[in-house]
Number of protein chains: 2
Amino acid sequence: MATKPGSHSQPFVRRLESIFALSEEEKRAIVDLPMQVVELKADQDIVREGDRPSRCCLLLDGVVCTYKLTGDGKRQIMAFHLAGDVPDLQSLHLRVLDSSLATLTPCKVGFIRHEAMRELYERFPRIGDAFWRTTLVDGSIFREWLANVGQRNSHARIAHLLCETLVRSKAVGLATEETCDFPITQQEIAEATGMTVVHANRVIQDLRASGLIELRQNKLTVPDLDRLMEAGDFDPAYLHLNEPQRVAA
Amino acid sequence: MATKPGSHSQPFVRRLESIFALSEEEKRAIVDLPMQVVELKADQDIVREGDRPSRCCLLLDGVVCTYKLTGDGKRQIMAFHLAGDVPDLQSLHLRVLDSSLATLTPCKVGFIRHEAMRELYERFPRIGDAFWRTTLVDGSIFREWLANVGQRNSHARIAHLLCETLVRSKAVGLATEETCDFPITQQEIAEATGMTVVHANRVIQDLRASGLIELRQNKLTVPDLDRLMEAGDFDPAYLHLNEPQRVAA
DNA sequence: CGTTTGGTTGAAATGTGTCAAACTTTGTGG
DNA sequence: CCACAAAGTTTGACACATTTCAACCAAACG
C-alpha cells in the first residue's frame with residue numbers, strides 16, 4: 001500500500017514503447033510517477049460504471065477486463081488488459097465511467113492520481129501525445145471487436161480473440177514465439193465474443209481438433225499462427241504496433 | 001473547393017460544445033481553421049482502411065458512417081456521424097487508418113490539414129483536451145455498440161440504435177422533441193446491428209406495430225422516448241453529453 | 001479428500017439467416 | 001409529367017447456427 005515511486009511502472013513504459021517512441025528523460029519521468037500499489041484477488045471490481053474516479057489504474061501484473069452489464073444482467077467483456085495497460089486512462093477526460101473494470105486473476109495494480117498524470121503530460125507534451133495515442137489504440141481495438149462480434153461466425157470470433165491475445169502478449173514481452181499465458185475461462189471467452197459458454201466450448205473443441213490451438217491450464221499455444229490468423233480473419237494492423245512515430249522534438 | 005476560413009465550421013463548434021465548455025477566443029480559433037470544403041455524393045468512400053491521410057474530415061452536412069469490411073466481404077458499420085463530427089480525428093495520432101469512412105447521403109465536408117489541427121491545439125491546450133475528449137466519447141460509443149451487438153436481442157439492438165440517433169441529433173440541434181432525420185436504409189441498420197436486412201425489416205415492423213416508432217421517408221419519430229429507451233435498454237450516460245467540465249483556465 | 005470451479009455432453013427449442021420473389025417508393029430522362 | 005429503372009422494403013418457406021436446460025465429468029484447491 002506504499003505511495004512511492006520506483007521501478008513498478010516499468011511495464012507501463014514497455015507498453016507505451018510498443019506504440020510510441022520515448023526519450024530517456026520521458027521514460028524516467030514516467031517511472032517516477034507516484035502511485036499507490038495494491039494487490040487484488042481474482043474476480044474483484046476495481047472501478048464500476050458510474051464511478052467518478054480521481055485516479056487511474058495501472059495494471060502491473062495479472063489480467064483485468066473492461067465490461068458492461070446489460071439491463072437483463074448479461075455481461076459483455078469489451079477488453080482484456082495485460083501488464084502495462086492503463087485500462088481507465090480515459091477517466092482523465094471523461095468524468096463518469098461508462099464501464100466497469102474487474103480483475104480476472106490475482107493482480108497487482110498501481111493507482112496514479114489524475115493530477116499527477118496531468119502534470120506529467122503538461123510538462124512533457126509528447127507524453128500527452130503518447131497517452132492520447134494509447135486511448136486511440138484502445139478505440140481501434142473496440143472497433144475491431146465490434147466487427148468481430150457483429151460479422152464473424154463463432155469459429156472466426158474465437159480464433160480472432162486468441163490471435164489478438166497472443167500478438168499483444170508478444171508485443172509487451174509476455175509470450176514466447178507460440179505460447180502465452182491465458183488465464184481466461186471459457187465463460188469469459190464467451191462473454192467477450194457474444195455467445196454462450198456451451199457454444200464457446202464446442203467451438204474451442206473444434207479449433208483444438210483442427211490443430212489450430214492448444215488451450216489448457218491457463219496456457220495458449222498456437223503451433224501455426226498464420227493458419228489461426230487465416231481462420232480468425234485476423235490482421236494485426238488495428239493494434240497499431242510499432243508504427244513509425246514522428247521524431248521526438 | 002475553396003480553401004478558406006469562414007462560418008463553415010459552426011457545426012463543429014456546436015458539437016464540441018455539446019461535450020466541452022469553450023471560451024469565445026477558443027471558438028473563434030476553431031471557426032478560423034482553414035479547410036477545403038467539398039461536396040460529395042451519397043455512397044462514396046471518403047477515406048479507406050489502410051490510408052495514411054494528412055488531413056481530417058469535418059462533416060458539415062449529411063450523414064457519414066465508419067465501417068470495416070471482413071474477409072468475406074461483410075460490412076460492419078461502427079458509427080453514424082452527424083454534422084459537426086470529425087469522424088477520423090484519430091488519424092492525428094494513428095498513422096494508418098483502421099477503418100473506412102463513407103457517405104450515406106450527399107454530404108458537405110471540410111478537409112483540415114493535420115498541421116493546422118496540431119498548431120491549433122498546441123496554441124490552445126484546452127482545445128487539445130476537447131479534441132482528446134471527443135475521441136474518448138467516440139470510444140465510449142464503440143463500447144456501447146459492442147455491448148449492443150454482443151448481448152442484446154434484435155429488438156433491443158435496433159431500439160437502442162434509434163434512441164441513440166434521436167438523442168444525439170437533439171444534442172446538436174438537429175431534431176425536434178420527438179422527430180429527427182433518418183436517411184439510413186434498413187440495409188445499413190442491419191449492418192450496424194449485426195443482422196440481416198430481412199431480419200432487421202421484421203424487427204422494425206414489430207417496433208412500428210407496438211407503436212414505439214414511426215420510421216418512413218427518412219424520418220424517425222418516437223412518440224414516447226421513455227418507452228423506446230426501456231425497450232432498447234438505453235441509458236444516454238455513455239454519450240457523455242453535458243458533463244460538467246473543469247473550469248476554463 | 002470433499003468441495004468448488006470450470007469444462008464437456010446431449011437433446012430439444014428457437015432465433016436468425018438464406019433464398020427468391022413481389023411489391024413500393026424514389027429518382028431520372030424522354 | 002409520364003414511364004421506366006433503380007433502390008429500398010416486404011413476404012414466405014425453409015435451413016441451420018446458436019441457445020437453453022440439465023446433467024455429468026475433471027481439475028484445482030484448501
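Chain letters run A, B, ... following the sequence lines, proteins first, then strands; residues in each count from 1.
Residue B:Val198 has its side chain nearest to D:dT11 when only D:dT11, C:dT9, D:dG8 are considered.
Note: CE (B:Met195) to C1' (C:dT18) measures 16 Å, nearest angstrom. Distance A:Gln186 CD to D:dT19 P: 14 Å, rounded to the nearest Å. Regarding A:Lys41, its NZ atom lies at a distance of 15 Å from the P atom of D:dC29, rounded to whole Å. Rounded to a whole Å, the CZ atom of B:Arg216 is 16 Å from the P atom of C:dT24. A straight line from CG of B:Asn201 to P of D:dT9 spans 8 Å, rounded to a whole angstrom. Rounded to a whole Å, the NE2 atom of B:His199 is 15 Å from the P atom of D:dT10. Between B:Leu207 atom CG and D:dT10 atom C1' the separation is 16 Å, expressed in whole Å. Distance A:Leu215 CG to C:dG7 P: 8 Å, rounded to the nearest Å.
Using a 4.0 Å heavy-atom cutoff across all strands shown, A:Arg208 reaches sugar-phosphate atoms only and no base atom. Among the heavy atoms of the strands lying under 4.0 Å from A:Thr196 is at least one base atom, whether or not backbone atoms are also near. Residue-level contact check: A:Val197 touches neither bases nor backbone, having no heavy atom under 4.0 Å from any strand.
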Step by step, work out the ring-ring contact (aromatic ring centres under 6.0 Å, His included) result for A:Tyr238 and A:His160. CA-CA 12 Å; A:Tyr238 73 94; A:His160 191 282; 5.7 Å; yes
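One cannot find a donor-acceptor pair under 3.5 Å joining the base of C:dG15 and the side-chain atoms of B:Arg202.
Between B:Lys219 and B:Glu214, none of the side-chain N atoms (NZ, or NE/NH1/NH2) sits under 4.0 Å from a carboxylate O, so this pair counts as no salt bridge. In this structure, B:Lys74 does not pair ionically with B:Glu191, as no charged nitrogen and carboxylate oxygen lie closer than 4.0 Å. Contact check on A:Arg48 versus A:Asp45 returns a salt bridge, with a Lys/Arg side-chain nitrogen under 4.0 Å from an Asp/Glu carboxylate oxygen. With respect to B:Arg168 and B:Asp85, a salt bridge is recorded, a charged nitrogen being found less than 4.0 Å from a carboxylate O.
For D:dA7, the OP1/OP2 oxygens have no side-chain nitrogen or oxygen of B:Gln187 closer than 4.0 Å. Close to D:dA17, at under 4.0 Å from its OP1 or OP2, lies no side-chain N or O of A:Ser154.
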